[in-house]
Amino acid sequence: MALLEVKDLHVSFNTDDGVVRAVRGISFEVERGKTLGIVGESGSGKSVSTQTLAGLTRGATVSGSAIFDGVDLITATPSQRRAVLGNKIGMIFQDPLTSLHPSYRVGWQIIEMIRGHDTKITKKQARQRAIDLLGMVGIPFPSQRVDDFPHQFSGGMRQRVMIAMAMALDPALLIADEPTTALDVTVQAQVLELMRKVQDEFGTAIILITHDLGVIADVADEVAVMYAGTIVERAQRNELFAAPHHPYTEGLLDSMPSRVKRGEPLRPVKGVPPSLINLPPGCVFQPRCPYAFDRCDKEVPLLGPVSRSELHLSACFLAPSTEEREALRQRRLGAEAAR
Amino acid sequence: MSASTAPPEEAVQLKASTGVVARGPWQLAWRRLRKDKVALISGAILLLIILVAIFAPLLNDMIGQSPNFQDPNGTDANGLPIGPSGAHWFGTDALGRDVLGRMISGSQVSLGIGLLSTALAVVIGVVLGLLAGYLGGIVDTVIARILDVVLAMPFVLTAVALVAIFGQSLTIIVLVLAFFSWATMARIIRGQVLSLREREFVEAARSLGASTYRIMFVELLPNLVMPILIYFSLLVPVNIVSEATLAYLGLGLPVPAADWGGMISDASDQGLFYQAWWTAFFPGAILVLTTLVFNLLGDGIRDALDPRIERLLQK
Amino acid sequence: MIRYIFVRALTGILVLFLVTVTTFLLFFAAPTDVGRTMAGKMATPDMIALINHRLGLDKPLWYQYGHFIWRALHGDLGYDYYHGQSVVSIIKADAPVSFSIAIGAAIIWLILGVGSGIISAIRPRTITDRVLNVMALVFYSMPSLVLGSLFLYFLYYKLTVAHHPWFPAAGYAPWLGAPGPTSSDHGLFQWGRHLFLPWMTLALITAAAYTRFTRGSMLEVLSEDYIRTARAKGIPERRVITRHALRSALTPVVTQFGIDLATLAGGTIVTEKIYGMPGLGNESVNAINNQDLPVIVGILVLVSVFVVVANFLVDLLYAVLDPRVRLY
Amino acid sequence: ITLTACGSSSGGSTANIKSTGLTVTILYRNKSVGSTKAFQVIQQELTNAGVTVKGLPASNADFYTKYLQSKTAAKAGQFDLAIAGWGPDWYGDGAASFFLPLFSGEQSFPWNGGSNFGLYNSATTNQLIKDAAAATDPATAQADWAKADRQVMQDAAIYPITDPQTANYHSKNLGNAIAIPSLQQIDPLNVTKTGADASTLHMLGVGDVDYMDPSVTYYSTGYEAMRFYSRQLFTYPAIQGQTTKAAADLATEIPTQANGGISADGKTITIHLRPGVMWNTSPARAVTAQDVVLGVKRSCNPVQPFTGQSDFSGLIEGYSAFCAKFATDAGKTPTVASLKTAINNNELSGVTAPNATTVVYHLTQPASYFVSMLAGLSAISAPVPVEYLNYLPGGNDLAQHTISDGPYAIQSYVPTKSIVFVPNPLWKQADDPIRKQNFTKVIVDESGDQAAIQQQLQTGSSNADMEWDTFPPATTIPSLKASNDPNLIITPSSSNNPYVVFNTASPNNGGAMAKAAVRQALSEALSRDALIKVLGGPELNIPLSHILPAEILGSQQFDLWAYNVGKANSDLIAALK
Amino acid sequence: MSDVLLSATGVTKRFTVGSRGLLGGKVKLTAVDDVSLEIRRGETLGLVGESGCGKSSLARCLTKLYDIDSGSLTFDGRDITKTSRKDMQPLRREMQMIFQDPYGSLNPKRRVGSIIGDALAIHKMGDGPARKAKVQELMEVVGLNPEHFNRYPADFSGGQRQRIGIARALALKPKLIVCDEPVSALDVSIQAQVINLLQDLQKEFGLTYLFISHDLSVVQHISDRIAVMYLGRVIETGPSETIFSASAHPYTRALLSAKPAADPTAADRRERIVLAGDLPSPIAPPSGCRFHPRCPKAEMDCTTIVPTSDLLSGEGYERHFVDCLHPLRKDDELASFTPQIKDSIVTADVVSTGSEVGL
Ligand SMILES: Nc1ncnc2c1ncn2[C@@H]1O[C@H](COP(=O)(O)OP(=O)(O)OP(=O)(O)O)[C@@H](O)[C@H]1O
Ligand SMILES: Nc1ncnc2c1ncn2[C@@H]1O[C@H](COP(=O)(O)OP(=O)(O)OP(=O)(O)O)[C@@H](O)[C@H]1O
Ligand SMILES: [Mg+2]
Ligand SMILES: [Mg+2]
């Protein structure tokens, strides 16, 4: 059985402007020791879906299930959830500059985490553990820096501290919500390297959220592509990059400058993502889809296996064949030109 | 000129497809405000009070009560005021004058001074705050020190002293109230400008060659409307109360001008209100009501213009 | 750090200097005639000149100012015009009253305001939150003269008439030290009894502002990323609130409190007037009515010193509470 | 919404009111609620009578010094009417205390120290005053004063409003509570106390003495404090019905022509001091006649001269000259030393001490009221010890070092805050017919609040016995009166009779205020009842339509200018023609 | 007419960020240190570097939004080093900027039409109706619905806002447009739209771009030549191809290797160079070569000698400059080097530009 099994997770928010349906029926599994990459544009529901697992989306309406280690995180009582959080699930967030409490020393923050779950450990031991952890994540002179305040660290180092904290109790799952987006490439490489190292060492499963396909290509085992609150495609990394099925995945890959030759224009996905309050009918991607046909705005495609592989799921009515797709695209372009 | 690969309709699609109508920041705010029942009711009451103030003489004629007329039958044999009755709905004061009539006429003083002094304070505060925040350097330092001085002077004490020395006239009271309230405005504006001037649109304007004054008044000022409006709505009641406080301490407008604070002050003399509660109750109530609706409306405006707290609540 | 303190202290002194100059210009250059006021009914031009001469009022303004500062630096704020008492001794006599009012009220409002603000913020949009909000708004909109009058009418007058004289209408009873020469009402209980209504008047009104302020600050902090981090640690919510959120949310509250407390020394004036407390506020109103300038200036300068010093301390405190603040 | 349209007051028909074209400026004290209220009533009444009214608010300080006492302000017409008040400086034979400072056109203009703010000057009145003052026999004097009263009212020199009564309240523990008009309070030196803490008297007040210096103090609170520690030649006894009658205090007896105390020409008054009265100096020293002379001399010191000088400066021989010499000798910047030299080197011919127990006053003219005056004015009847020359007169330094010849000495004095009196061991009951020493301590709390003091007295808390300088709030009087509260004492006091000053020198309105007819008509326009209502109500105010209140010898009841708005209006129009 | 549009020589910009000690002097931060650059007509010069290395500061120096502390600038044949603010006014029309933050760079309280028309208004070009027509034309050019000129920026998405910014920059028909990370804040799909637009406009109007980005693949895609910045200095300049294929500076190599390639096979194959530490503080930059504490190839002399710009010669190199004492050869593998020096580990020094306290 998978370490984490999420089934049909829905999350919505009541706002003044209407109900924001941030996550709409997503399902995925995370295997022990593996990395699931979730990729998608801003606002596609990546953070909401993972934070819901940790009970961090307050005021949201949630349904579905998320079985972690035999506990359904969605229906768990706060104390049940707390026993898991931090202890078995570690989390790191996007902005290392604001994710640590500015008024407490980093050591204190790590020790709090340790002692919060391990009541037997002495203060001294916890402190030693914090120093060890800081050393492990590559903070130089950890025994001195353990008493520094977060603002005395650089962004990359703070993210390392966050990782150290998340890993403090050797969790089975690490949820990393865009851990490197705020960092420079060289530092990003450092952090990704560190996560890889940690995973190798502890066999931790990782959910890595990012909107950078490059990062995904680097570290993920399996990839889920999110669009407007749903997972539109799920596949093993190589499969996804080599043979994307969903037009959105395809568009994302094509948008990347590295995918085209210099001098040639890029092939962007046209248009912008829909509002989560007023979703288009049928397939949510249909208004932007170059292949859209009649069925697309009438029926909602479900995530299902693509014929080529059982492990490759996609929510699209299209057949996988490229010729057919191209024909559809031309037809649609012709129709638009005629209009 | 038409060599774009991005056809216009693609852009149009955005809002049309999401069904969100285009609307400016003000329309947005107004829309939110309209949903806020408390703010709307407060606004209506405030409007009523303002109308009363504007048409005070007319209203007094209508109810047949002059604010200054000392009714010989308005006091009993011992010279004590008469309670609420058909002749005097809210009773009379120590001189036999109609409390309601004086309250109506007092609304002119209270609102007038409150609004006038606040407007003056806001103008001074905005201009100096803009100058200090945008120009920085020595201008900023000088203005900052003036601010420090003003803020270091205890308000009530100094205000009382100033009015006592320079005389109890409308001008002096308005000036004194404005003198003590511009500083906070300037501070807020300065802070806002400090962060605004780092925003890229200011840089953009500069890169277009816009002059300093254009940047201050065309680029920055519209962005300050929100804090100005919020602060204005919060400051008016403060100044109304300050004026009432001055009047309570015997430094309001000269007699026989009616003035809410002054009415309460009169009622407190020799513990009159123990014997005649209405002399203090009604002016006190209208004072509280006015500040309350101002504050409620101010809260509403703030939530409408800057729904941050509301958004925070949703997290 | 030392440099910061040094620079900050210098600015503080500069501000104080400016405050005294402003005060001096405003009051000593004001169109009043002290000599005539003091000469009383027997005033002859000679006598007025004599009095002005005796008080040094015939000297140029800068000289008077210098003289004032010189003496002030030696702890001498001059003598009141009417009884020739040293202003310092007047302040010494009045200050305990004002301080008792201010400190007591401050403690009450801090507890009420911050407490209700926190409760409000951690239970947003519940009935409790709404009730507290409405109460806060009403008290926030309540001028102290109105609230004071209400208290006087119901808690003093009505109770007294009903033979429950629990609250005295006016007066002060010292707590510590010898039972002053005059008040045999003294000791902790009497002190509290006399101060209760003034405390509540000041405290409820200010507490309302603090409720609103704390609630806003707390909500803001609760939405910070590091609170999310704390929750993700799986520590009890209680600890998240007390150790993580409060720590940051109260920093601005504490600094605001410092400033409010300082200005309060001059702000108890209305309360003192309502309840007839013989404190600095009442003294200054009397001085103002008598144009007893040394007393006015003395009290004003004293209160300004408080404000400046408090601002200074608050800045330091802020730096201690928030390690991000660098003191250059 | 004109005021006249609504006016339907009792003072006659207002139907045919026409504008008189008269515009008057009324000076009032805006810091005084009473003054402000009175102004508003007068404003309405005069407006009703067709007069345009302007208000001139003034602070307490400016009121006298900037306007009323300024020669130029009155003559420049800065005000036409003013709301002032006058209390007699002494009681009993006290008519002179009204007429000399207020109406004597020869000596009582404000710049002479008098209070003739309206600059009223009538030859007839002047003569009547002169006659009355010079009368050696009281009956003649009183007849003359009565005539003067009528004359002044005929001229409508002022508009008297009321003879206010003083209400005093004390706790139920207090016995022998007798109010003395000159103190405006119950005499604290005669009260007794029962119940808890009976040996300490707690007095509650809202203010301080003017000066803690017998030669300078002028107001009743000052006299009240003095009564503890300073004795006078004569003073008022706390005997029911005689509280305005001078009685011998330090003096052995009241001087009369019969006992030889007053010379035949009435110009020499010889007073013998009681022997054995001691100063509580160390070593203790007897109070001598020289000490009385010193007191009189100090009253005209240039630093803080006695405010009531106008009562006697022309009467005591050589007084004015002495004062002038004193001021010159003391120098431009008087110091303790220069004052001491000046006072010692100059002789005051009008007050002499032929021996240690005899004081002789030499008057410029006979004055039948002189002994009464000595009872009222401590400045010329209270001995002071020579030690007082070591301090500036009226100063705080002196106040901290008072010396007592009375039953109590000052243990501590914090201006505006508190006074504590303790028994003076050198005082002997046998030597003092006026005061008692009933307490081991008298504590005066000066920093109270009127309403709170009343509450404390009414609830009878053990540390609230009597008032110091305050009164029950006027608003409570009707109910106290209605419940027949035995602790409420209402005494006739003439303490501060409010009146309206007519500025006869005002050039405004073509000098209309100089015309008696205009002032008479204005008097008719004013309603005494309406004014009394706002000045504390009828319980505390007896309408006074002439100068001398009932408790002053020579008083007669008459009202020349009854309230009648219609008549006032037509009279005004006629007078202004 | 020279084909160099803008040239900068030895440009240095310092900021005062506070003062040190009681009597100590001011703390200076050198944001741009002795930078020399040339931008040729019609080309796109890419400027890459890590956050805080001084890219934006350099851009602002080049456009004279900052006064430079030393060095000289020539624009379109004119020396503009000392041109006053007022005299710059006409030149402003010829150099424009596009900014990073599509939210911050448009005044939220002004209508789009007036934002785009600002340039026209400031330079007093045309009257009301003419301006409106021009604004609508510009909106059409950048792919916005011209009817939306009355809307506020908040009514547009990020990509559309960036188009508004572009329209504003285009209004004066500038010769040079400095794009300061114009796509960093956009999602990939939108980013591609904007990049395409920029390239189209360049073709159509013959624009010259200085294109700043920290995203190497974007820079690679759009630039003709690339300049790499490190800690205030430009350490390597050269044609896009050679920078990517044969960069000589170890930092450039490290940067390229750190760039995640959206290609799993490449990612798996790649030799990774993970640099130690972070960018040091520009307040107290390392001595000698500023990169030496992080450089795998550093030698002792790197700690003392400040490298100067060298023209690389050899096959395939064309106008390729590098500031390195020990440049890599084409076929060198950086990963094979180990540092010769053990410098103290670079720790971050957070730059505070003053306390938040007080006014
Ligand atoms: N508390 C909330 N109330 C209302 N809407 C919310 C709330 N939290 C998130 N949303 C909405 O839910 C949607 C998904 O948000 P989410 O943060 O999961 O996006 P994301 O994919 O993580 O994007 P990003 O890359 O920007 O982090 C967004 O449209 C967001 O506006
Ligand atoms: N106005 C300023 N005052 C002080 N220091 C500044 C100022 N502007 C920039 N700096 C500093 O100069 C250095 C270079 O900043 P700059 O903004 O040019 O970097 P950048 O390369 O554009 O970074 P980013 O990629 O984050 O935009 C930084 O350390 C920055 O802190
Ligand atoms: Mg997210
Ligand atoms: Mg930048």
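We name chains A, B, ... by the order of the sequence lines, and we start the count at 1 in each one.
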Whether over 12 other heavy atoms sit under 6.0 Å from C/R239 CZ: yes
Other residues, nucleotides, ligands: >12 heavy atoms within 6.0 Å of C/I127 CD1: no
Side chain to side chain contact (heavy atoms under 4.5 Å, CB included) evaluation trace for C/R231 with A/L85: CA-CA 8 Å; C/R231 290 197 171 122; A/L85 272 187; 5.9 Å; no
Result of checking A/R82, A/Q109, A/M91 against C/K233 for side chain to side chain contact (heavy atoms under 4.5 Å, CB included): A/Q109
Carboxylate-amine/guanidinium proximity below 4.0 Å for C/R243 and A/E112: no
When only pairs under 4.5 Å are counted, which of [options] shares the most heavy-atom pairs with chain C?
options	answer
A/G86, A/A83, A/A166	A/G86
A/R81, A/H117, A/Q94, A/M162	A/H117
A/R105, A/M113, A/M165	A/M113

Main-chain N/O of C/D225 paired to A/T98 side chain as donor or acceptor, under 3.5 Å: no
CD1-CG distance between C/I227 and A/L56, expressed to the nearest 0.5 angstrom: 11.5 Å
C/H244 and A/H101 aromatic ring geometry - parallel, tilted or perpendicular at 30°/60° bounds: perpendicular
